[in-house]
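Right, one structure below, let's go through it.
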There are 2 protein chains.
Amino acid sequence: MTAMTYDDFKKTFMLSVEDICRDICRDQQYSIKIKNEDVAVKNLVIIFNATLELSNRKGFQAMSLRDLSEKTELSLGALYAYFSSKEELLDIIMSQGWRIIDKALTRQIAGEKDIREMLRAAIKTHLYLSEMLQPWFFFSFMEAKNLPGEQIKKIIRSELFTEKIFADILQDGANKGVFSIRKNELMLTASLIKAILQDWYLKRWKYVRRGETIDEYARFAIGSIEKMVLSDARY
Amino acid sequence: MTAMTYDDFKKTFMLSVEDICRDICRDQQYSIKIKNEDVAVKNLVIIFNATLELSNRKGFQAMSLRDLSEKTELSLGALYAYFSSKEELLDIIMSQGWRIIDKALTRQIAGEKDIREMLRAAIKTHLYLSEMLQPWFFFSFMEAKNLPGEQIKKIIRSELFTEKIFADILQDGANKGVFSIRKNELMLTASLIKAILQDWYLKRWKYVRRGETIDEYARFAIGSIEKMVLSDARY
DNA sequence: GTCTATAGTGCGATAGAC
DNA sequence: GTCTATCGCACTATAGAC
């Protein structure tokens, strides 16, 4: 587990986007009018990718359906067979991301006994997941404030949930004497870890430009975080 | 210097927004039609604050001039006496932020001799500046990708410049044996410091909700960063 | 200097042919 | 299932009264 790389992660957790799109097609709550599932899935994948790319370049609001029509090579009318409004498109994309995250985390077994390994595994899982879904993570961070109230609550809950995972590991480690963290700095430390993990998908352009890989970043992040939290008795 | 608090910083570097607006009024490159400077400055302050507030809630693109008109209690026609287009408004707001940052950094004397104090001063200066201009920093991060090419380049240059400041301090400290940083991890460490500083203005809602102050955050950030970079010989 | 009224544009969304 | 053509609306921006 310790030596898990991004490639290992992808092999284990890779969920084909097609499968997720198939789920969405069958979901009664959306109004996808296409009956032929293969056609629907194929085009949904195209639409999602195009939406993320256009939105991440100029913002979802600023992306017109005419832009999307051009990029997907589907007419305006055809697009409306896949969603009933631009807002529903946003909704489907958000739910698609949550579905993948849920599935990935469900498959992730919290089987680590050693607290230090638990922290490492949590860091890697979060980094690798955000790498796999980088456009979606970037999108949901950037568009968060424009989203309808229900979506924004989900994002905040997710932010706090992730933080809680780290806070619990830190607390556990502190109790066992493995970590040394001031009592009133527990949440701050968890936030700081989150900030480090988030930087990878928010500033990906910078890291890619320097030729840094996700595995190098994970290694560096783990090393830095351990320097902060491991008790000095480690030597 | 070490014990500088946010209040000290504000007293030393506080630049009245009014003064910056006065600068902007006199700037020939903008087409502000109001001749009475006092009226112009007063309303510009109102317009800037309203724009930042509305944009940070729902995005600049999504904010209509009707929204802005309502919030500022100025009519649509009146607004156009202060800028010639929505894009120019964006331009003026960006330039207003840069002006304040330039002035603040110019006043900041890099008088520290001790390398450890230099790192602390740099961290505090960046945190305090982003606290003073939090809505602007948040705005320019969130709207960066929607901005015209010239503005986006300026933001990227600023990101890399800040990072370079930290990289130089780290390199200097490493040469002197005060810091212990692997050679190939210098830029990663600088990026990590930036990420920690950035989290304060990006997730301000979270920290404020928990009742954490900027001074506590600064203290915690300095402690954490020093744990990562100080060589073990410090004890 | 600020207002109201409106011109002109491009958007999201729909209708109906194929 | 996909297309073209078009409706109605809300936006940015302007004109002209006060």
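Numbered from 1 within each chain, the chains take letters A, B, ... in sequence-line order.
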Heavy atoms from other residues, nucleotides or ligands near CD of B:Glu87 exceed 12 (cutoff 6.0 Å): no
Heavy-atom neighbours of B:Lys206 NZ exceed 12 at 6.0 Å: yes
Summary of protein contacts for nucleotides 3-18 of chain D, nucleotide by nucleotide, where a base hit scores B, a sugar-phosphate-only hit scores S (4.0 Å, heavy atoms): BB------BBBB----
Under-4.0 Å side-chain N/O to phosphate OP1/OP2 contact, B:Asn43 with C:dG1: no
Close aromatic pair by centroid cut-off 6.0 Å: B:Phe138 and B:Phe141: no
d(OH, A:Tyr82; P, C:dA13) in whole Å: 18 Å
Distance, rounded to the nearest Å, where A:Glu88 contributes CD and C:dG12 contributes C1': 14 Å
SB check A:Glu131 A:Lys10 (cutoff 4.0 Å): no
Aromatic plane relationship, B:Tyr6 with B:Phe9 - under 30° parallel, 30 to 60° tilted, over 60° perpendicular: parallel
Sugar-phosphate only, base, or nothing, as touched by B:Lys35 at under 4.0 Å among non-hydrogen atoms: sugar-phosphate
Length of the CG-P vector between A:Leu68 and D:dT2, whole Å: 14 Å
Intermediate values then yes/no, side-chain hydrogen bond (donor to acceptor under 3.5 Å, both in side chains), A:Tyr128 and A:Asp8: CA-CA 10 Å; A:Tyr128 291 163; A:Asp8 299 334; over 6 Å; no
